[in-house]
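The next block holds one structure in the form of structure tokens; read it before the comments.
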Amino acid sequence: MKNKLLKWWVLIIIAIPFLLMFCLHIGIALGNYFGININVRYVDASTWFTFFSSYLGGAMTLAGVMITLRHERSVRRYEDALENIDKEKNILGKAICELNISAPSIFYRKFNSLQITPNGYNSAEVASIQQQLAEELQKINKAKCEVEFFTEIYVLAAGCRNCNKPCGIQAVSPEFQKLYEEVGNYLFGVLQMVDFYISEAYSNAVYIALINNCKETNERCQLSGKPLQYDESIIKEYESKIIKLEPKQNEIATAITKVNNYNQVGIPRLSVLAREYIAIKQKNAYKKWFGGKEE
């Protein structure tokens, strides 16, 4: 609306001197042919031409200044738009990089390589692995929040749905969202699966150590002729709390194989979609502020 008003004002300013010149010629014609003088007294044609030249020069100068100011404003807003797009690019790139596909395999192998002592696992080593695992989960959640709140890739503008000249955003954004959710959610789930496995394996090791301790103590009591210190029911209670980990190990191995496949397909595709999204937004920004196509 503002652009239309500005165009009309420029046209009016430029048209006024031509209208005055037209009126001048009408007045001269009426005076020469019909003896009717409608011109201002003591204002002849040379005066009108001088006024016309001055006015037209001023109008052209004003038009030039307005065009320059408008261009500078467009350049400034275009640069601001590019700056915001660059921020989106950094956030999207970071979010994709935070999808550490190798993390579940690394944590799983790292835990399984820990030495089991007669008293079970070293609690400090297990706590360290679980702390790193928790940080990895936090990275995924943080990256997702940053993508949703600080970029527009999850937002499809209302005008895009009815656009007669689709730019590609309508296709790129939904595909990125779907794939990013798929990879992120599955990776998050596998990491949680590994975390639960570590907790259960640690707990199993504690119960096994307690059972062995009870049996060794009872054997010493039996050899020395003393009454057994631990009842068989206590040992059976500990044994009942031991969880079978083989099914979970097989499930984790299958899940790790699947999540590792994202390195070949999912992550590269996300990178391509993010680059396409950024390129489209850059072209749209150029068209918006300069009304043309970027070379």
### Query
Closest heavy-atom contact between Cys221 and Pro227?
CB-O, 3.5 Å
### Task
For side chain to side chain contact (heavy atoms under 4.5 Å, CB included), just list the numbers for Phe150 and Cys145, CA-CA rounded to whole Å, side-chain angles, deciding distance to a tenth of an Å, and then say yes or no.
CA-CA 8 Å; Phe150 300 118; Cys145 289; over 6 Å; no
### Task
Find out if a path of hydrophobic residues (ILVMFWY) with successive side-chain heavy-atom gaps under 4.5 Å connects Ile91 to Val272.
no
### Query
Is it the case that one hydrophobic cluster holds both Ile243 and Ile235, taking links as side-chain heavy atoms less than 4.5 Å apart, direct or via other members?
yes
### Task
List the atom of Val147, the atom of Ile153, and the distance in Å for their closest heavy-atom pair.
CG1-CG2, 3.9 Å
### Query
Taking C-beta and beyond as the side chain, do Glu182 and Leu179 meet within less than 4.5 Å on heavy atoms?
yes
### Message
For a 4.5 angstrom cut-off between non-hydrogen side-chain atoms, does Tyr180 reach Leu273?
### Response
no
### Task
Any chance you could lay out the side chain to side chain contact (heavy atoms under 4.5 Å, CB included) test for Ile169 and Asn284, step after step, and finish with the verdict?
CA-CA 10 Å; Ile169 290 287; Asn284 287 347; 4.2 Å; yes
### Query
If two hydrophobic side chains count as joined below 4.5 Å and joins carry through other members, does Tyr78 share a cluster with Val75?
yes
### Task
Could you tell me the separation between the NZ atom of Lys241 and the CG atom of Leu210, rounded to the nearest 0.5 Å?
9.5 Å
### Task
Could you tell me which non-hydrogen atom of Ala205 sits nearest to which non-hydrogen atom of Gly120, and how far apart they are?
CB-CA, 4.0 Å
### Task
Name all residues meeting the ring-ring contact (aromatic ring centres under 6.0 Å, His included) criterion together with Tyr207; count only those two or more places apart in sequence or in a different chain, and write none if there are none.
none
### Task
Check whether any side-chain heavy atom of Val183 lies under 4.5 Å from a side-chain heavy atom of Val259, and answer yes or no.
no
#### Entry: Residue pair Arg109 / Ser113, side-chain donor-acceptor N/O under 3.5 Å
no
### Message
Assess the residue pair Glu181 and Tyr186 against the criterion (side chain to side chain contact (heavy atoms under 4.5 Å, CB included)); give the C-alpha distance rounded to whole Å, side-chain angles, the decisive distance to 0.1 Å, and a yes or no.
### Response
CA-CA 8 Å; Glu181 293 285 342; Tyr186 194 79; over 6 Å; no
### Nearest atoms (heavy-atom pairs only) where Leu270 meets Ile96
O-CD1, 3.6 Å
### Query
Is the distance between the ring centroids of Tyr277 and Phe176 less than 6.0 Å?
no
## Note on the structure
So CG of Leu137 and CG of Asp195: to nearest 0.5 Å the spacing works out to 7.0 Å
### Message
Measuring only between side-chain heavy atoms, which start at C-beta, is Ser173 closer than 4.5 Å to Tyr154?
### Response
no
#### Entry: Connected via hydrophobic side-chain network under 4.5 Å: Ile106 and Leu99
no
### Query
With no hydrogens and no angle check, is any side-chain donor or acceptor of Glu88 less than 3.5 Å from a backbone partner on Ile278?
no
### Query
Does Leu228 offer a backbone N or O that forms a donor-acceptor pair with the side chain of Asn218 under 3.5 Å?
no
#### Entry: Heavy-atom pair of closest approach, residues Leu133 and Ile198
CD1-CD1, 4.2 Å
### Message
Between Glu146 and Ala95 (side chain of the first, backbone of the second, donor and acceptor by atom type, cut-off under 3.5 Å), is there such a pair?
### Response
no
### Query
Just by distance, with hydrogens left out, do Ser233 and Asp231 show a side-chain donor and acceptor under 3.5 Å apart?
yes
### Task
Would you kindly confirm whether Val206 and Leu245 end up in one hydrophobic cluster when ILVMFWY residues are joined by side chain heavy atoms under 4.5 Å apart?
yes
### Query
Can you check whether Ile116 reaches Ile208 side chain to side chain, under 4.5 Å on heavy atoms?
no
#### Entry: Partner set under side chain to side chain donor-acceptor pair (under 3.5 Å) for Gln264, not counting sequence neighbours
none
### Query
Judged by modelled atom types alone, do Gln115 and Tyr121 share a side-chain donor-acceptor pair under 3.5 Å?
no
### Message
Using the side chain to side chain donor-acceptor pair (under 3.5 Å) criterion, which residues pair with Asn112? Sequence neighbours excluded.
### Response
Tyr197
## Note on the structure
Taking every heavy atom of Asn263 against every heavy atom of Ser102, the minimum-distance pair comes out as ND2-OG, 4.2 Å
### Task
Would you check if Tyr230 and Asn213 make a side-chain contact, meaning some heavy-atom pair closer than 4.5 Å?
yes
### Spatial distance of atom NZ (Lys215) from atom CD (Glu219) [nearest 0.5 Å]
8.5 Å
### Task
Hey, could you give me the OG/CD distance between Ser271 and Glu276, rounded to the nearest 0.5 Å?
11.5 Å
### Pairwise side-chain contact, Ser203 with Ile242, heavy-atom cut-off 4.5 Å (strictly under)
no
### Query
Less than 4.5 Å apart, any side-chain heavy atom of Gln132 and any of Phe107?
yes
### Task
Please assess Leu114 against Asn122 for the test side chain to side chain contact (heavy atoms under 4.5 Å, CB included), listing each intermediate value before the final yes or no.
CA-CA 8 Å; Leu114 294 180; Asn122 184 316; over 6 Å; no
### Glu98 and Lys144 ion-paired at < 4.0 Å
no
### Query
More than 12 non-hydrogen atoms from neighbouring residues, nucleotides or ligands closer than 6.0 Å to CD on Glu148, yes or no?
yes
### Interatomic distance, Glu83 atom CD to Ile85 atom CD1 [nearest 0.5 angstrom]
11.0 Å
## Note on the structure
Separation between CG (Leu187) and CG (Leu191), nearest 0.5 Å, reads 4.5 Å
### Query
Do other residues, nucleotides or ligands put more than 12 heavy atoms under 6.0 Å from the CD atom of Gln138?
no
